[in-house]
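Working notes, structure below.
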2 protein chains.
Amino acid sequence: MGVTIDDIASAAGVSTATISRVLNNSERVSPATRKRIEAIIKEQGYKPNIFARGLKHSQTGVVGIIVSLITNPYMTSIVESIEGTLAKNDAFIYLCNSNNDEELEHRYIEELLRRKVEALIVVESPGFNAASSFYDGLKADCPVILVNEHLHRDPRHHVVCCAQEPGLMEALNYFLARRLFPIAMILGDEGNYSCTVKERLFAEFCSGAGLGPGAAQVHRVGDANVEGVVTNAAELMSRLARSPDRPRAILAYNDMVGVGVLQGAQAAGLRVPDDIAVISVDNTLLSRISVPQLSTVDLRTADLGRMAAELYLRIRSGYIPAREASREEISSRLVLRATS
Amino acid sequence: MGVTIDDIASAAGVSTATISRVLNNSERVSPATRKRIEAIIKEQGYKPNIFARGLKHSQTGVVGIIVSLITNPYMTSIVESIEGTLAKNDAFIYLCNSNNDEELEHRYIEELLRRKVEALIVVESPGFNAASSFYDGLKADCPVILVNEHLHRDPRHHVVCCAQEPGLMEALNYFLARRLFPIAMILGDEGNYSCTVKERLFAEFCSGAGLGPGAAQVHRVGDANVEGVVTNAAELMSRLARSPDRPRAILAYNDMVGVGVLQGAQAAGLRVPDDIAVISVDNTLLSRISVPQLSTVDLRTADLGRMAAELYLRIRSGYIPAREASREEISSRLVLRATS
DNA sequence: GTGAAAGCGCTAACAT
DNA sequence: ATGTTAGCGCTTTCAC
């Protein structure tokens, strides 16, 4: 095998304890010996054995990530960002795909803890309500970082999330300023956080702007996190195109819905954005590859991933207490592209 | 901490060695004691400490996966499949995203080996030529499984791949049988394997079917693995729609190109598939969410992922020699949907 | 400020 | 068929 702590110790003419000390840059080691040892370590390319460390319940350099659906581009983007940030800091990730299966998720967590991950990052889909009560009760001996946990204002763990409201308001005000009425909000199934937020916010916006039922509509297209929603949204849009109170502006639940709306509009012979403006939510790959490119409310997946990873790194460095709950919230924002 | 091998040993009234033997279900242990010990293990919920095992250079239950671009839906699908298959078998994965950066990839491999992964699965993009010579030279002490390594007929490692030819031929014959001429092949940049295969195969097909230049065209849209290709393809299609020898059938390099073609066709007022039939390659999310849904050559990502994972599992079980190169190749196939 | 030494939980000779 | 025991490479008291 590779070079061990003993090799370094004898090369430096000190004991393994001293090496260990400089490794865990703790305690008092004379600057001179520290410097000398560090040089030898670098020179010999020594890296401590992960398993020996893990055996002594210490650093393993691994964080566990649980995502609810890895094939969802929204998730993928967050994972990419976490991975990239951690890789720069010599940390590895265990990737676990829960498929929204709570039971499986619990088993994953148990096993990850057994493997002594240094942090547990749980990425929720914004349109899915995780069993947050489970996490509230979770006694992990590593920090738990919840990405997009919106439900509890005071969860027991670290939370990193992106507020939808600011971007949604920007979008609605964009429509309002151009007097693009009626405005239609296209939602997914009721009952999840993301949907509720949008519905409430739209209602507030309408009453605030004095928009009557003739100027505002709400439609639903079923489960919006499922591929079939695109077709549903396209069909809905075709119908709306023929309706007497055809909307001039659409705010779509997510990018998949947005893509469906675009297709429906084009099929109905409507020009986007001239006849109808469309803004969706998520800013995933889909919004960028649609033609025309979708204007969308950016949920800032890359930032979210980076923040989660950096939070772990700060905890690891001791800058932040691991077991205290913290909350970082960033604002979504409107990204204007070709459909509005 | 949890229950250790000593706890089990004393509970069973035997030595730790015996426990270890039943754990590694090797050697001769009397069926009676084995049964008894297994019961106690189950009862106490004992699980061997991963780090102690790793320290003794044995099983770690982890496999390393290196993908060239995790945000690519093609990759994501393979990763999902690998993860799902391994999770059922209590194996975890380290996910590494190389971003097509060779240098980074090498560092990942080095670190993964140090972490004693039980297998290394490298997923190449079908449109990217990996530095296969690097892998040929790689001396890993774990099996290396290359997914979609097409270049070498006799690589030093295990290969699992999907041949594009069968599905492409199906697609072309589909066009031929319906006499949808001219047929246009839309390719990405020259120089990668995937592109070369398609070009060669198309040429062979044309000469085989006696198709002259009036009945067959080849076009290029630049780097087809980049989001912007959608717009390029849309623009190309708009131009083709106005051309005197407008194609009646399109075979698109991948799903992104296919989506672009669809949009271009619709923008030009062409009905799909009545005026123009479109078939793409990949069968990713994109082909399923496009409206109309794209007919596509299925590159069978889910099967590929499962095969790679199962290959590792068979090696782990000793059914297959780890260090011998093997090759499993499956055939792509045409999936007919709404655009053809 | 540094060293000696006792483990961490397991595996694998070597004994019996 | 089962037990004894010496490590794997590191961390961490406890001495000095």
Side-chain angles (χ1 to χ4, degrees), chain A residues 1-38 40-41 44-62 90 111 113-116 118 141 316 318, chain B residues 1-41 44-62 90 111 113-118 141 316 318:
Chain A
M1 275 287 316
V3 20
T4 77
I5 200 172
D6 293 286
D7 299 332
I8 305 300
S10 53
V14 296
S15 77
T16 60
T18 306
I19 309 295
S20 183
R21 283 181 192 113
V22 342
L23 250 33
N24 302 279
N25 53 359
S26 60
E27 323 232 354
R28 304 77 26 119
V29 184
S30 85
T33 44
R34 148 157 283 137
K35 194 136 254 146
R36 190 159 47 89
I37 289 168
E38 273 165 352
I40 296 177
I41 286 176
Q44 307 225 13
Y46 163 71
K47 299 225 176 163
N49 180 304
I50 289 102
F51 299 95
R53 280 206 158 161
L55 200 49
K56 280 296 206 181
H57 42 266
S58 183
Q59 301 117 294
T60 53
V62 190
D90 302 313
E111 183 66 18
L113 259 23
R114 198 166 81 84
R115 285 172 182 269
K116 290 178 187 155
E118 292 185 358
D141 35 30
R316 186 174 78 169
Chain B
M1 273 288 314
V3 21
T4 76
I5 200 171
D6 293 286
D7 300 332
I8 305 299
S10 54
V14 295
S15 78
T16 62
T18 306
I19 309 296
S20 182
R21 282 182 193 114
V22 342
L23 251 33
N24 303 279
N25 53 1
S26 60
E27 322 234 353
R28 303 84 15 130
V29 185
S30 85
T33 43
R34 148 158 283 137
K35 194 135 255 148
R36 190 160 49 89
I37 289 169
E38 273 166 352
I40 297 177
I41 286 177
Q44 307 225 11
Y46 163 72
K47 299 227 176 161
N49 180 305
I50 288 103
F51 300 94
R53 279 205 159 162
L55 200 48
K56 278 297 206 181
H57 42 266
S58 183
Q59 301 117 292
T60 53
V62 190
D90 302 314
E111 183 66 17
L113 260 23
R114 200 166 80 83
R115 285 172 182 269
K116 290 179 187 154
V117 291
E118 292 186 358
D141 34 30
R316 186 174 77 169

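When reading the values below, keep in mind they use all heavy atoms of this one structure, side chains included, and skip hydrogens, waters and symmetry mates. Treat the numbers as computed from the prediction; the structure is a model and nothing was measured.
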Original post:
Going through the distances and angles, do Q44(B) and I8(B) end up as a side chain to side chain contact (heavy atoms under 4.5 Å, CB included)?
Top reply: CA-CA 8 Å; Q44(B) 307 225 11; I8(B) 305 299; 4.1 Å; yes
Subject >> Steps toward side chain to side chain contact (heavy atoms under 4.5 Å, CB included) verdict (L23(B), I41(B)) >> reply: CA-CA 10 Å; L23(B) 251 33; I41(B) 286 177; 3.5 Å; yes
Original post:
Going through the distances and angles, do K116(A) and N49(B) end up as a side chain to side chain contact (heavy atoms under 4.5 Å, CB included)?
Top reply: CA-CA 10 Å; K116(A) 290 178 187 155; N49(B) 180 305; 4.1 Å; yes
Contacts under 3.5 Å, N or O only, protein and nucleotides 6-8 of chain D:
from   : atom 1 : to     : atom 2 : distance (Å)
dG7(D) : N2     : K56(B) : NZ     : 3.0
dG7(D) : N3     : K56(B) : NZ     : 3.3

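Counting all heavy atoms, side chain and backbone alike, Q59(A) lies closest to R53(A) at O-CB, 3.5 Å. Nearest heavy atom pair, residue S15(B) against residue A9(B), reads C-CB, 3.8 Å. Of all heavy-atom pairs spanning A12(A) and I37(A), the tightest one is CB-CG1, 4.0 Å.
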**OP:** For DNA chain D, produce a single dot-bracket line, 5' to 3'. Pairs: Watson-Crick or G-U wobble, both distances under 3.5 Å. Symbols: ( ) within strand, [ ] crossing, | other strand, . unpaired.
**Re:** ||||||||||||||||
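Checking dG3(D), dA4(C), dC10(D) against the side-chain heavy atoms of S15(B) singles out dG3(D) as nearest. With dT2(D), dT11(D), dA4(C) as the candidates, the nucleotide lying closest to the side chain of R21(A) is dA4(C).
Using a 4.0 Å cut-off between charged side-chain N and carboxylate O, K35(B) and E38(B) make no salt bridge.
Between T16(B) and dG9(C) there is no side-chain polar atom (N or O) within less than 4.0 angstrom of OP1 or OP2. Checking the phosphate oxygens (OP1, OP2) of dG3(D), a side-chain nitrogen or oxygen of T18(B) falls inside 4.0 Å. Regarding contacts with the backbone of dT2(C), a side-chain N or O of S30(A) is found under 4.0 angstrom from either OP1 or OP2.
What separates NZ of K47(B) from P of dC10(C) is a distance of 13 Å, to the nearest Å. The CG-C1' distance, from D7(A) to dC10(D), rounds to 13 Å in whole Å. Spacing between atom CG of L23(A) and atom C1' of dT11(D) amounts to 10 Å, rounded to whole angstrom units. Between I19(B) atom CD1 and dT2(D) atom P the separation is 11 Å, expressed in whole Å. Rounded to whole Å, atom P of dG1(C) lies 17 Å from atom CG of N24(A). Taking atom NZ of residue K35(A) and atom C1' of nucleotide dG1(C), one finds them 17 Å apart after rounding to whole Å. Rounded to whole Å, atom C1' of dG3(D) lies 18 Å from atom CD1 of I8(B). What separates CZ of F51(A) from P of dT11(D) is a distance of 15 Å, to the nearest Å.
Looking only at distances, a side-chain donor or acceptor of R114(A) sits under 3.5 Å from a matching main-chain atom of P48(B).
In this structure T33(A) satisfies the side-chain hydrogen bond (donor to acceptor under 3.5 Å, both in side chains) test together with S30(A), sequence neighbours excluded.
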